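What you are looking at is a predicted structure, and each value in this text was computed from that prediction instead of being measured.
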Amino acid sequence: MNEPVATAARSGVIEEIERRVLWLATSIVHHANRVRPNPSGLKVGGHQASSASITSIMTALWFRHLGPDDRVSVKPHASPVLHAINYLLGELDASYLTSLREFGGLQSYPSRTKDPDPVDYSTGSVGIGATAPIWGAIARRYADRVDGGTPAGRQYSLVGDAELDEGAVWEAILDPGVAELGEIVWIVDLNRQSLDRVVPYLAAHRLQGMFAAAGWQVLTLKYGRLLEELFARPGGDELRARIDAMSNPEYQRLLRCGADELRDRLPGGSEPVARLVADLDDATLLAALRNLGGHDLGSLTGAFEAIDDTRPTVIFAYTVKGHGLPSEGHPQNHSSLLSADQMTGLAARLGVDPDAPWARFEDGTEAARLCAATAARLRREPPAPQAPPDLPADIGRTPKGTATTQAALGRLLLDLTREAPEAAARVVTVSPDVSSSTNLGGWVNKVGVWSTSERRDWFADDAETILHWREGPTGQHIELGIAETNLVGLLGELGATWSRWNRPLLPIGVLYDPFVGRALEPWSFGIYAGGQSILIGTPSGVTLAPEGGAHQSIVTPSIGIEQPGCVAYEPAFVLDTEWTLLASLARLGRPDGGSAYLRLSTRPVDQTLAAVPADPAARERRRRQVVAGAYPLRRAGRPAVTLAVMGAPAPEALAAADRLEQAGLGADVVCVTSPGLLFQALRSRQGLDDGPNWILDQAFPAARATPLVTVLDGHPHTLAFLAGVNNVPCATLGVTGFGQSGSIEDVYRHHGIDADSIVRAALDLVP
């Protein structure tokens with residue numbers, strides 16, 4: 001401990017700062033709800049009680065233990081505490097303290113990208129922010145393996161105990177590789193309350209056993225120094241046993257009692273306890289009941305100093321929700337707000353002037369000096385910006401024969417190692433135990449599997465082994481267990497290294513497309529937090545055919561339209577896949593970049609159907625159209641109908657066009673690669689967006705406007721908006737029901753996306 005901190009600890013100034021943090025956090029919420037004008041009358045909200053339960057923990061952590069290279073994920077409802085601390089450290093202007101949940105102001109929950117003060121991890125979606133530092137630790141190690149010089153530090157998660165109900169938490173904790181991450185520290189704010197109630201049977205010992213079984217160091221802070229001193233007196237053993245045995249609701253009810261009632265209720269029939277509490281003055285008795293380990297700064301310091309950095313650590317810190325507030329311990333205090341009179345009383349107890357609620361400590365005081373020393377200790381020097389390496393826009397190959405878009409993924413990754421080795425060195429692939437079945441086998445064989453240490457491949461000399469599992473710190477593929485939430489959590493953090501450490505990576509996550517829905521919310525949250533990555537769903541749609549309905553995706557195509565910060569592609573041909581993947585990689589790791597989602601297929605398709613232009617200029621024009629969202633695949637001499645197809649059913653659309661031509665009806669065929677980009681272009685044409693819209697004129701020129709049939713292996717509403725490009729009659733074909741097993745021909749016929757269905761839809765539209 002450095003000298004300013006040691007001096008402060010001896011003088012009690014840490015406690016003074018703790019009181020000021022509590023006041024500021026409570027006042028931030030109070031002002032947003034009780035002071036700031038609210039013409040609409042809409043609830044503003046905030047969490048004074050949830051902030052109060054963790055104030056001691058955060059004060060001890062920031063003002064005694066954090067280093068500049070440490071990162072902290074703060075539980076969502078404690079955002080006012082984080083802002084209060086940043087304000088005292090000079091990292092937040094006072095004008096923002098009155099702006100909680102105001103447009104352009106402090107966010108409801110900590111946000112890396114939207115809050116004006118330093119936030120290490122965005123939180124708010126329960127469970128995701130808690131696990132983010134696990135994936136951040138892996139991302140830091142991986143970035144250091146690529147570039148070196150990425151500063152190491154602890155990765156803290158401040159977790160509400162109710163967050164441990166989230167399955168995502170346990171999926172992360174139980175992943176085998178997590179036990180090797182000694183920089184991980186979780187601090188569980190064990191206040192034993194959820195949003196609606198006191199949790200009746202929160203079995204902390206069971207939770208502790210689960211962490212221990214996963215290889216974590218488990219530290220428990222149940223009682224503070226005052227209670228421990230009472231336990232050493234006559235009757236103390238009985239007092240400990242009495243408190244240990246009582247239910248959570250009973251304990252919480254005692255917090256609502258005055259001293260006389262507490263003397264009557266606390267003993268629970270135990271004469272030794274009754275004699276012990278009878279000898280205590282009122283103030284000591286009331287303080288003792290609240291003296292839990294999570295509010296005892298000395299106990300917290302002892303726990304932080306006992307952390308074993310060779311394995312992950314969890315600290316269970318018992319706390320009181322609303323500690324120090326009039327609402328403490330009440331079962332409905334989660335969103336309760338202090339009244340103006342209660343705020344005045346709180347100010348008097350905490351020693352602040354309610355007429356100057358945002359005052360910092362006066363210059364020259366020990367508290368001010370400690371704040372300044374802490375700010376200096378935690379100041380991070382921004383690393384020099386680093387742009388990701390250049391990527392080719394076109395490898396230059398024209399695929400022949402029959403191939404799948406899924407196979408194109410593995411082929412392109414191998415091509416990058418030859419054509420763009422600097423960029424390939426920054427590619428990191430992540431998969432939840434589906435590497436071989438998503439065509440990453442060749443890539444994995446070439447680059448190896450990342451792990452914290454070298455591991456022997458016992459099958460390296462087995463002649464029948466095709467996939468070689470070489471694990472070590474130089475590998476470029478990360479394999480997780482079968483947990484899509486873990487996959488996208490890691491993907492988001494790998495995609496944030498460019499902004500966190502200026503170490504850009506090119507992360508690609510691969511999973512079965514039916515499970516994109518399961519992974520979407522945490523992946524979306526990673527994008528919100530600034531993570532830039534590529535998510536590839538494969539195989540996709542009912543084109544899986546024999547795999548059956550449970551493994552067939554229907555709604556995923558609309559993600560391309562609906563997901564902010566993400567461009568989605570569904571290519572029909574191998575070359576489309578390569579071009580869109582290269583364009584997506586080129587958008588990663590830069591301030592003006594973003595994420596991408598590719599929906600690939602295992603359907604073998606004749607690649608000559610793509611009709612790739614031989615002329616270099618025409619080929620480049622085709623590439624630009626593919627990347628922009630659509631291209632004309634076939635033009636009729638005199639079009640009577642337009643067929644807009646996306647993805648795997650492209651052969652059916654071309655076959656339908658041939659049949660319509662034979663019937664005397666010319667059919668244009670437009671291959672859609674990104675409905676989201678086309679929708680943005682349409683909004684731009686309508687004056688609702690600032691983006692380019694040239695692609696609409698090239699793919700759907702007004703001079704060739706005809707009735708339109710759209711078809712895709714997914715929900716038909718995905719392409720329904722295309723009728724509005726030229727305001728033409730439209731029939732939308734796609735999948736609206738759960739799939740079933742069968743051949744592609746049978747399944748396509750069942751869902752009405754086969755060539756017969758396309759022809760019938762076109763004939764119904766043409767006068």
Do Lys400 and Asp606 sit within salt-bridge range, that is, some charged N less than 4.0 Å from a carboxylate O? no
One thing to verify: whether Arg397 and Glu578 come together as a salt bridge, which I'm taking to mean a side-chain N less than 4.0 angstrom from a carboxylate O. yes
State whether Arg685 and Asp697 are salt-bridged, where the test is any N-O pair (Lys NZ or Arg NE/NH1/NH2 against Asp/Glu carboxylate O) under 4.0 Å. yes
For Ala529 and Ser122, the nearest pair of non-hydrogen atoms, with its separation, is CB-OG, 3.5 Å
With a 4.5 Å cut-off on side-chain heavy atoms, are Thr404 and Val605 touching? no
Flag yes if more than 12 heavy atoms outside Arg619 fall under 6.0 Å of its CZ atom; otherwise flag no. yes
Do we get Arg426 above Trp498's six-membered ring, with its NZ or CZ under 6.0 Å from the centre and within 45° of the axis? no
ring-ring contact (aromatic ring centres under 6.0 Å, His included): which pairs involve residues 530-555, sequence neighbours left out? Phe515-His551
With a distance cut-off below 6.0 Å to the six-membered ring centre and an angular limit of 45° from the axis, does Arg500 pair with Tyr121 as a cation-pi contact? yes
Residues that His750 engages under ring-ring contact (aromatic ring centres under 6.0 Å, His included), provided they are two or more places apart: none
Is the closest basic N to carboxylate O distance between Arg418 and Asp415 below 4.0 Å? yes
Asp513 and Ser553: side-chain donor and acceptor closer than 3.5 Å? yes
Is Arg603 salt-bridged to Glu652, cutoff N-O under 4.0 Å? yes
Would you call Arg587 and Asp592 a salt bridge, taking side-chain N to carboxylate O under 4.0 Å as the test? no
Looking only at non-hydrogen atoms, find the nearest pair between Ala699 and Ala630 and report the distance. CB-CB, 3.9 Å
Please walk me through it: do Glu521 and Ser125 pass side chain to side chain donor-acceptor pair (under 3.5 Å)? CA-CA 9 Å; Glu521 193 265 341; Ser125 189; 2.3 Å; yes
Residues Asp668 and Arg635 bridged, charged N to O under 4.0 Å: yes
Heavy-atom closest contact (Arg518 atom, Thr485 atom, distance): O-OG1, 4.4 Å
Could you give me the CA-CA distance, side-chain angles and deciding distance for Ser111 and Tyr528, then say whether side chain to side chain donor-acceptor pair (under 3.5 Å) is met? CA-CA 8 Å; Ser111 172; Tyr528 167 81; 3.1 Å; yes
Hey, could you give me each pair passing ring-ring contact (aromatic ring centres under 6.0 Å, His included) that has a residue in residues 637-684? Not counting sequence neighbours. Phe679-Phe721
Taking all heavy atoms of Pro649 and all of Asp713, pick out the closest pair and write down the distance. CG-N, 3.8 Å
Would you check, one step at a time, whether the test side chain to side chain donor-acceptor pair (under 3.5 Å) holds for Ser499 with Arg112? CA-CA 10 Å; Ser499 59; Arg112 287 190 70 228; 3.1 Å; yes
With a sphere of 6.0 Å drawn around CG of Asp615, does it hold more than 12 non-hydrogen atoms of other residues, nucleotides or ligands? yes
To check you understand the geometry: which heavy-atom pair defines the closest contact between Ile536 and Ile508, and what is its length? CD1-CG2, 3.7 Å
